[in-house]
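If you're wondering where the values come from, they're calculated on a predicted model, not measured in any experiment. Atom set for the values below is all heavy atoms of this structure, side chains included, hydrogens, waters and symmetry mates excluded.
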Amino acid sequence: MKYFLITLMLVFFSATGILAKTDTPVSSAALRSFKRSFSEASDVSWTKGNQVYKVQFLLNNQYITASYNEQGVLISLEKKIVSTQLPLMLEANLDNVFKGYWITDLVEISTERKIIYTAKLENAHSKLSLRSYGTSWIVYQRTEK
């Protein structure tokens, strides 16, 4: 009797959606655009933000995040990089201005009009969040440890 009640409860909860896996609903336009542009992608995971769909996927052994609007227009692409993949002026500026810090995260964000780089740096006393501006960096967040 006990097993029957447990089974009945599982069937009820599954039917009402309480235990069902909830996938992010993706606009058909965004899904079509993604499949057309990245047909070789694997390990695909969608999330929805404020009127933007983000999809993280694996392509050529690198994780990439793409952002699409409701109409399926690609807004941006993001990928983690290493410092040697930065433009030379940004790499040199990072080395010269932020001596004593180590890089904990470095991301390249590509849009239709520009490429932006973000960096997270850390030393024994503080953490910095940077954004590229031309050939230099702007600190937009500083946190003391």
Side-chain angles (χ1 to χ4, degrees), residues 6-145:
I6 292 172
T7 304
L8 185 61
M9 287 174 42
L10 285 173
V11 169
F12 173 76
F13 289 138
S14 294
T16 58
I18 294 173
L19 295 179
K21 183 179 176 186
T22 56
D23 292 328
T24 302
V26 179
S27 81
S28 58
L31 196 54
R32 270 193 315 274
S33 183
F34 172 73
K35 287 181 179 179
R36 186 173 47 249
S37 298
F38 303 104
S39 61
E40 300 295 316
S42 63
D43 199 12
V44 177
S45 174
W46 288 87
T47 56
K48 186 173 190 311
N50 191 14
Q51 299 178 343
V52 174
Y53 294 99
K54 288 195 173 231
V55 56
Q56 185 178 39
F57 56 96
L58 185 63
L59 185 67
N60 298 328
N61 293 320
Q62 180 159 21
Y63 278 99
I64 299 171
T65 302
S67 298
Y68 290 91
N69 66 14
E70 292 276 341
Q71 294 74 36
V73 175
L74 180 63
I75 299 168
S76 67
L77 291 169
E78 299 177 25
K79 67 178 181 177
K80 291 188 181 276
I81 61 171
V82 295
S83 61
T84 55
Q85 293 174 301
L86 283 169
L88 291 175
M89 293 295 286
L90 281 175
E91 184 181 3
N93 186 268
L94 197 60
D95 290 342
N96 293 330
V97 176
F98 299 98
K99 288 184 181 183
Y101 284 88
W102 60 88
I103 299 170
T104 59
D105 192 41
L106 195 54
V107 176
E108 177 185 275
I109 305 167
S110 302
T111 67
E112 187 175 294
R113 297 176 190 222
K114 60 186 169 185
I115 297 176
I116 301 167
Y117 298 91
T118 63
K120 291 186 180 178
L121 307 180
E122 192 171 326
N123 68 12
H125 308 288
S126 63
K127 295 179 180 182
L128 303 176
S129 294
L130 311 175
R131 176 161 278 181
S132 64
Y133 182 76
T135 59
S136 61
W137 295 93
I138 294 175
V139 177
Y140 67 89
Q141 187 175 22
R142 178 185 301 268
T143 307
E144 299 302 319
K145 289 184 174 179

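- Closest of all the heavy-atom pairs between Val107 and Glu78 is CG1-CB, 4.2 Å.
- Contact detail for Tyr68 and Ser37: the closest heavy-atom pair is OH-CB, 4.4 Å.
- A pairwise comparison of heavy atoms in Asn69 and Ala30 identifies O-CB, 4.0 Å as the closest pair.
- Taking NZ of Lys48 as the reference point, atom OG of Ser27 lies at 8.5 Å (rounded to 0.5 Å).
- Within 6.0 Å of NZ on Lys145 lie more than 12 heavy atoms contributed by other residues, nucleotides or ligands.
- The distance from atom CG of Leu106 to atom OG of Ser132, rounded to the nearest 0.5 Å, is 9.5 Å.
- Here the side chains of Thr135 and Asn93 are not in contact, with every heavy-atom distance at 4.5 Å or above.
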**OP:** Could you give me the CA-CA distance, side-chain angles and deciding distance for Leu31 and Trp46, then say whether side chain to side chain contact (heavy atoms under 4.5 Å, CB included) is met?
**Re:** CA-CA 10 Å; Leu31 196 54; Trp46 288 87; 3.8 Å; yes
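- The line from CZ of Arg36 to CZ of Phe38 is 11.0 Å long, rounded to the nearest 0.5 Å.
- A distance below 6.0 Å separates the ring centres of Phe34 and Phe57.
- Of all heavy-atom pairs spanning Asn123 and Trp102, the tightest one is CA-CZ3, 3.4 Å.
- The distance from atom OH of Tyr101 to atom CD of Glu122, rounded to the nearest 0.5 Å, is 10.0 Å.
- Side-chain contact between Gln56 and Tyr63 is present, with heavy atoms from C-beta onward closer than 4.5 Å.
- The two residues Tyr117 and Trp137 come nearest to each other via the heavy atoms O-CZ3, 3.5 Å.
- Annotation: Ile138, atom CD1; neighbour count of heavy atoms from other residues, nucleotides and ligands within 6.0 Å is above 12.
- Heavy atoms of other residues, nucleotides or ligands lying less than 6.0 angstrom from CD of Gln62 number more than 12.
- Residues Glu144 and Ser126 approach most closely at OE1-CB, 3.7 Å, considering heavy atoms.
- The environment of CG in Asn96 is crowded: more than 12 heavy-atom neighbours from other residues, nucleotides or ligands sit within 6.0 Å.
- Distance OG/Ser129 to CG/Leu121: 8.5 Å, rounded to 0.5 Å.
- Note that CG of Leu130 and CG of Leu94 are 6.5 Å apart. Values are rounded to the nearest 0.5 Å.
- More than 12 heavy atoms of other shown residues, nucleotides or ligands fall within 6.0 angstrom of atom OH in Tyr140.
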